[in-house]
Each structure stands twice: as structure tokens, then as C-alpha cells.
Protein chains: 2
Amino acid sequence: MRILIVEDEAKTGDYLKQGLTEAGYVVDLARDGMDGLHLALTGDYDLVILDVMLPGLNGWQLLEAVRRNGRELPVLFLTARDQVEDRVKGLELGADDYLVKPFAFAELLARVRTLFRRGRNGTEPTTLTVADLELDLLRRRVTRSSRRIDLTAKEFSLLELLLRRQGEVLPRSLIASQVWDMNFDSDTNVIEVAVRRLRAKVDDPFEPKLIRTVRGMGYVLEAPDAA
Amino acid sequence: MRILIVEDEAKTGDYLKQGLTEAGYVVDLARDGMDGLHLALTGDYDLVILDVMLPGLNGWQLLEAVRRNGRELPVLFLTARDQVEDRVKGLELGADDYLVKPFAFAELLARVRTLFRRGRNGTEPTTLTVADLELDLLRRRVTRSSRRIDLTAKEFSLLELLLRRQGEVLPRSLIASQVWDMNFDSDTNVIEVAVRRLRAKVDDPFEPKLIRTVRGMGYVLEAPDAA
DNA sequence: GGCGCGCGATGCGCATTCTGATCGTCGAAG
DNA sequence: CTTCGACGATCAGAATGCGCATCGCGCGCC
């Protein structure tokens, strides 16, 4: 299992390389976009981890070049929190997943493993679903009962979090730190409002309701079973 | 479940140690970075709680050293509010979560439990049971005899504590500090009231009664079998 | 430069929790 | 066996604080 990391920031790059090596992968590290592209085209990698901000050639330019060469290489994007636009671009270009910096290493590892699984079984669609609700990470599209739903960036991000951890009650502090980059100032209710808007789009026109409020605790997304 | 706390400030350290011990964990406390590192590498811990500001060796240096030794140890960072930079560094180094000081103890406890669930993948169970009573931590749901019971936040928290320490007689002072964030003012009877409400939901409609009062001592939850 | 849409802040209603008073019960001692 | 003291149980009203709907600003797009 060979992984190529393209990351210019030395500290992060070394850290990633070390961690993934310890996890049992063979890892190469390129420090800029041109090196990265060269390695990606010549080396025989099973996965590329790609920083968006790179000197020389940025992440999605690199990805574009790789795709033009007809490579099916799975790509995992790393983006800073304020580069959502880039992230979207990357996904449209055929990145298979992305991770917002800063991230927990365990999270990265999990994504990497998922990508490998996918790679072997042929390309599975990168979608998250619950009941008749479906979220397509690549196309950034949401449907429910086959009806297309348009979401804003925040709404999408929130729904994505809820879907990734479906069945779990997510405390507001967690949501705040994941979807916004704030350390929960309790004197704001942005979260409630965001949930309200999300519900208006994905729950109000449909049955059953998937987003449940757990008073004093947070929110869960789940298919309400009997009992 | 063994936890290592590395914290130089005596007050905070003692407070954490006491609280986590009462919650049922085995806790060691190191007062500086070098001690902490030594313990982290030699002791067999399931989680490290790490202050960023430490004499000798700071939090992320310690973390880096641990990672270099190939340890998969889950790490929870404690950072002051104005040390967001440090926090980011910590996360890049593979911290699994962070908490901004000052924090509510309940918040810490919740994070610790989440880390156990995720890190060890089920070492810490996601559901607690006694007799036909079942409590699902992730979904925050309670059932008895397969009948769904809706609990409020406080009720849930209280029942969770009783279940985690089932068979033990829990003094009121302990309950007060774990479920409420207070140091027992004896001139209130909130606990009795809360126990009453909880009993009304989980014991009154069922047999056998699981919550028992031990006069002069506190409360126990247990299945009243022979003995 | 105007317009529209997405975002975050303010004020209300209600579930939940606490307060305080009273009643019940357990245990010990006369 | 009876009585008394103390601790715990219970109840109803009060207060807290949470979650929701509405409102106005501001950014981005045309």
C-alpha cells in the first residue's frame, strides 16, 4: 500500500509521513506541487494525500493534471478551514474525500482506510445516507425522496456532520467547533438557527422527521424506529 | 480504564484527579512534563489528559515524544483560551480532542468518554444495563422491558452515574459533584427530588425496584437478587 | 450600485428543574 | 412496646434557562 503525500509545510508533512509509516503504509513525501505531480505520474501509488495550498502548482491544478493523464488515483484533500471554495473545486475535479485542517490523526487514518476499501471494490459513490435522505460529497448534492435539495455551505457542513455521526447525540459544543471554528460562546444561538434552516429544507416537507432535538444535550440525526 | 493527567497547577490537577476517580477511573497525576513523559511511556494508560503549559517539557513536546515511540495513546489537550495556536499544533500532532480552560467538569467527562468509545473501539461500552433496564449512551435512550422511556438531561445523567457504579452506594456528595457541578450545600434537597422523578419513570411502573435508598449513606442501583 | 440570499442577533413560550413546606418512615432508647 | 428524633419522600408552585420563530444586516452576485 503506497501513499504519496504532497505537503509543503515541513512539520505537517513529516508528521503525516511518520504516522502513516507507523500505521504500516509505504509513504513518500513531496514538498511542492511540481515534485508531487512528477511522483504521482511516475510512482505507482495507491493513494495521494494532497494539500491545497502548495508553492508552484496548487492542489487542484495538480489533481487536474493527474486526471488529464487518465489516472484513476484516489485523492484525499487537505484544506484549511477557510478554503471551502477550494475544497469544492477539488471535489468537483474528482477528489475522493477531503479533510479540514486541523484534524485528528485518527480521523485521517479512518478516511485513508475507507479510500483503500473503496479502491479495491471499484469506486463506490461517496455518499452518506439515512432513510430516504442522501448526501453526495463529490457533487455536493443532497436529495430526499429523490427530490433535489439545495443547501448552503454551512447547512451542508452541518448535515454532513450529523450524517457522519448519525445515531449519536452531538453536543452543541462539538457542533460549534466542527462546523464553525468557534469555542462555543454560549451567548449565541447560531446553532439553533442553523438547525432550523436545515430542518426547513430537509425535514419540514417530509416524513418522517430525521433531526431530533435532545433537550439540554444536542441534536441527533437518525431514522426513528418503532418502540 | 487508566487515565494519566499531566498538569502542573496543583489545584486543577487535584480537582481533575478527584473528579475522574469518583467517576470510576484509575487516575495517575504527573506534575511536570518529564514525569509525565516517563509515566506515559512506562505505565499502561488508556488516555492522557495533557496541559499545554508545563514546566520542563511542554504539552506538545511531550505528545511528540510519545508519538515517536509509536504509542497510539488517545490524547486530550487542555489549553487556555488565548492559546488557539497551541491547540492547532496539538491537533496536527495527533491530539484527539481539546478543551478550552476553564471548562465544566461534565464537559470533560463527556469528552473522555467519547475518546474511550472511539479510540478503543468499544472497550468502553456504549450501553449500560442492569436487569431489564438498558441505557444507550450514544442515542441517549433508555428502555426497560423493551419499553422506551424518555428522560430529561438531569435524569439521564443521574441514571448514568448510578448504572456506571451499580452495586455501589453513592453518597449524596458524590452525586452532587458529578451530576450537578456543585459542592453539596446540605440545605437543599435537589437530589431527593431528582431521585424521585427518576424513580417515577424507571421504577414505579415496573418490578423489581432497582433504585434503593440506604439511609444515612446514599443511593444504590442494583438488581435485588438473592444474597 | 442594487438586489437577493444567507447569516447571526433579539425576544417569547414552555419544558425542566429547583424551592420550601409537609408528611411518612425508620431506628433507637426509655 | 411506645415514643421521639431525624432523615428521606413527596408535592405544588416558582424560576430558570433552553429552544424556536422572527427580524434586520451584510456579503456576494449580477
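Below, all heavy atoms of this structure are taken into account, side chains as well, without hydrogens, waters or symmetry copies. In what follows, chains are A, B, ... by sequence order, proteins preceding strands, each numbered from 1.
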Exercise for the section: Determine the contact category for B/Ala194: base if any of its heavy atoms lies under 4.0 Å from a base atom, sugar-phosphate if only primed atoms, P, OP1 or OP2 are that close, otherwise nothing. Expected result: nothing

Handout entry: Any donor-acceptor N or O pair under 3.5 Å, side chains B/Asp136, B/Thr127
Key = no

Exercise for the section: Would you kindly give the CG-to-P distance between B/Asp150 and C/dA15, to the nearest whole Å? Expected result: 14 Å

Practice task
Figure out the CG/P separation between B/Asn189 and C/dA21, and round it to whole Å.
Solution key: 11 Å

Exercise for the section: Rounded off to whole Å, could you give me the CZ-to-C1' distance for the B/Arg212 and C/dC26 pair? Expected result: 15 Å

Practice task
Could you tell me whether A/Glu155 and A/Lys201 have a side-chain N and a carboxylate O separated by less than 4.0 Å?
Solution key: yes

Problem - Charged N-O contact under 4.0 Å between B/Arg172 and B/Glu192 - result: yes

Practice task
Would you please confirm or rule out a distance under 4.0 Å between OP1 or OP2 of C/dC7 and any side-chain N or O of A/Thr152?
Solution key: yes

Practice task
Return the value, rounded to whole Å, for the distance between atom CD of B/Glu192 and atom P of C/dT25.
Solution key: 16 Å

Problem - Any donor-acceptor N or O pair under 3.5 Å, side chains B/Asp28, B/Tyr45 - result: yes

Practice task
Grab the CD1-P distance between A/Ile191 and C/dC7 for me, whole Å please.
Solution key: 14 Å

Problem - Whole-Å gap separating P (D/dG17) and CH2 (B/Trp180) - result: 15 Å

Exercise for the section: Take the protein atom CZ of B/Arg199 and the nucleotide atom P of D/dG8, then report the distance between them rounded to whole Å. Expected result: 11 Å

Practice task
Please report, rounded to the nearest Å, how far the P atom of C/dT16 is from the CZ atom of B/Phe156.
Solution key: 15 Å

Completion exercise
Among the nucleotides D/dA6, D/dC18, D/dC20, whichever has the atom closest to the side chain of A/Arg215 is D/dC18

Handout entry: Phosphate OP1/OP2 of D/dC18 contacted by A/Tyr219 side-chain N/O (<4.0 Å)
Key = no

Exercise for the section: Determine: side-chain N/O of B/Arg196 to OP1/OP2 of D/dT10, distance under 4.0 Å, yes or no. Expected result: yes

Handout entry: salt_bridge(A/Arg199, A/Asp204) N-O dist < 4.0 Å
Key = no

Problem - Selected nucleotide, minimal atom distance to A/Val193 side chain, candidates D/dG8, C/dC7, C/dA9 - result: C/dA9

